[in-house]
Number of protein chains: 2
Amino acid sequence: MHRTDTEAALRGASLRVTGPRLAVLDTVGDHPHSDAGTVARLVRARLGAVSTQAVYDVLRALTEAGLVRRIEPEGSPARYERRVGDNHHHVVCRSCGAIEDVDCATGSAPCIGASDDHGFAIDEVEVVYWGTCPRCREA
Amino acid sequence: MHRTDTEAALRGASLRVTGPRLAVLDTVGDHPHSDAGTVARLVRARLGAVSTQAVYDVLRALTEAGLVRRIEPEGSPARYERRVGDNHHHVVCRSCGAIEDVDCATGSAPCIGASDDHGFAIDEVEVVYWGTCPRCREA
DNA sequence: TCTTTTACTTGAATCACTCCAGAAAAGTGG
DNA sequence: CCACTTTTCTGGAGTGATTCAAGTAAAAGA
């Protein structure tokens with residue numbers, strides 16, 4: 001049933017259903033904010049050998065289809081999460097790099113208006129909260 | 001007089017005053033949102049030969065000293081700007097990568113409260129507005 | 001000026017990611 | 001169910017940004 005959900009998601013995005021895609025999508029769902037290398041390791045744990053390129057290709061395909069969201073916090077490789085369509089944001093720990101989701105403070109996207117948009121047509125606002133996570137604060 | 005300002009800034013941060021540092025700091029001030037490679041080219045135009053590593057080292061030292069701010073928009077190399085201490089944000093063009101400054105919509109830092117901070121001690125909020133710049137919209 | 005400390009140079013390495021060409025598998029029309 | 005087209009996966013090489021390491025040079029302090 002979990003597998004069937006995932007399969008439906010792929011078909012709904014008119015993407016072919018393959019082992020690697022199912023595994024990547026499930027993995028990203030189960031381990032949000034993983035980078036490509038971590039996803040690759042987890043996928044291999046499920047399926048056996050899967051090439052690194054396949055993982056990158058799949059992540060890109062899923063990202064372009066809107067099934068997965070790619071976030072790229074400074075100083076760390078790109079990370080992926082299964083997106084819910086809401087526009088939530090992230091808290092990032094400065095020392096350990098941990099990431100947690102944060103609901104948008106002011107409701108719907110784009111959640112803040114720019115004071116001067118320089119003539120840009122703004123379609124998305126991305127917010128990153130930088131700080132220290134509880135665990136790192138103890139050290 | 002320009003040079004003296006820059007020198008004072010370095011001394012104020014208790015950094016040694018060297019040719020590469022003066023040139024990098026001036027360059028970042030004159031060409032905001034430049035990446036390391038661009039800074040290197042511009043610095044070489046002023047000083048002659050300067051190693052790439054020197055530029056990276058200087059940019060890091062300046063960043064750590066708080067004289068320069070490093071921003072890292074997704075999909076592009078890190079960019080640097082001379083920071084004013086205000087917490088302003090950025091609009092980024094999706095197609096050409098152009099970056100412009102945007103003053104914070106709601107005043108002083110951190111300009112928005114997270115709805116659930118997961119116990120993190122938040123010290124900075126970074127906002128990126130994604131859109132299309134006027135020039136790219138015509139194409 | 002002399003010494004100590006810090007910065008710069010050269011060269012190589014790493015890391016995340018991409019490109020390429022060919023083999024394999026998924027969807028499609030008969 | 002089968003041939004066919006399209007898309008995906010594999011393996012290997014390549015790229016661009018950034019960093020590491022060892023030695024030389026230059027700035028700050030005595």
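Remember, predicted model here, so these are calculated numbers, not experimental data.
Of the listed residues (B:His31, B:Arg70, B:His33), just one forms a side-chain contact (heavy atoms from CB on, under 4.5 Å) with B:Glu81, and that residue is B:His33.
In this structure the side chain of B:Val28 never reaches within 4.5 angstrom of the side chain of B:Arg69, judged on heavy atoms. No side-chain heavy atom of B:Glu74 sits less than 4.5 Å from a side-chain heavy atom of B:Val128.
Among the nucleotides D:dT18, C:dG27, C:dT18, the one closest to the side chain of A:Arg60 is C:dT18. Comparing atom distances between the A:Arg21 side chain and each of C:dT18, D:dT8, D:dA28 picks out D:dT8 as nearest. Of the candidates C:dC8, C:dT5, D:dT10, the closest approach to any side-chain atom of B:Arg16 belongs to C:dT5. In the set D:dA28, C:dC8, C:dG27, the nucleotide with an atom closest to the side chain of B:Arg11 is D:dA28. Nearest to the side-chain atoms of A:Asp57 among the listed nucleotides C:dT10, C:dC17, D:dT10 stands D:dT10. The nucleotide whose nearest atom lies closest to any side-chain atom of B:Gln53 is, among D:dT10, C:dG11, C:dT18, C:dG11. Of the candidate nucleotides C:dA16, D:dA28, D:dT18, D:dT18 has the atom lying nearest to any side-chain atom of B:Ala36.
Contact annotation: A:Thr18 side-chain N/O to D:dT7 OP1/OP2 distance is not under 4.0 Å. OP1 or OP2 of C:dC17 has at least one side-chain nitrogen or oxygen of A:Tyr56 nearer than 4.0 Å.
Comparing B:Arg79 and B:Gly19 by the nucleotide of DNA chain D that holds the closest heavy atom to each, the one mapping nearer the 5' end is B:Arg79. Heavy-atom distances to DNA chain D give each of B:Glu72 and A:Thr52 a nearest nucleotide, and the one nearer the 5′ end belongs to A:Thr52.
Rounded to whole Å, atom C1' of D:dA28 lies 14 Å from atom CG of B:Leu10. The distance between atom CG of B:Leu15 and atom P of C:dT5, rounded to the nearest whole Å, is 18 Å. Taking atom CG of residue B:Leu59 and atom P of nucleotide D:dA17, one finds them 14 Å apart after rounding to whole Å. When rounded to the nearest whole Å, the span between CD of B:Glu64 and C1' of C:dA7 equals 14 Å. Here the C1' atom of nucleotide D:dT8 and the CG atom of A:Leu62 are 13 Å apart, to the nearest Å.
Residue A:Ala61 is out of contact with every strand shown, counting any heavy-atom pair closer than 4.0 Å.
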Could you walk me through whether A:Glu64 and A:Leu15 pass the side-chain contact (heavy atoms from CB on, under 4.5 Å) check? CA-CA 11 Å; A:Glu64 283 170 359; A:Leu15 289 173; over 6 Å; no
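A donor atom on one side chain and an acceptor atom on the other are not found under 3.5 Å apart for A:Thr27 and A:Arg41.
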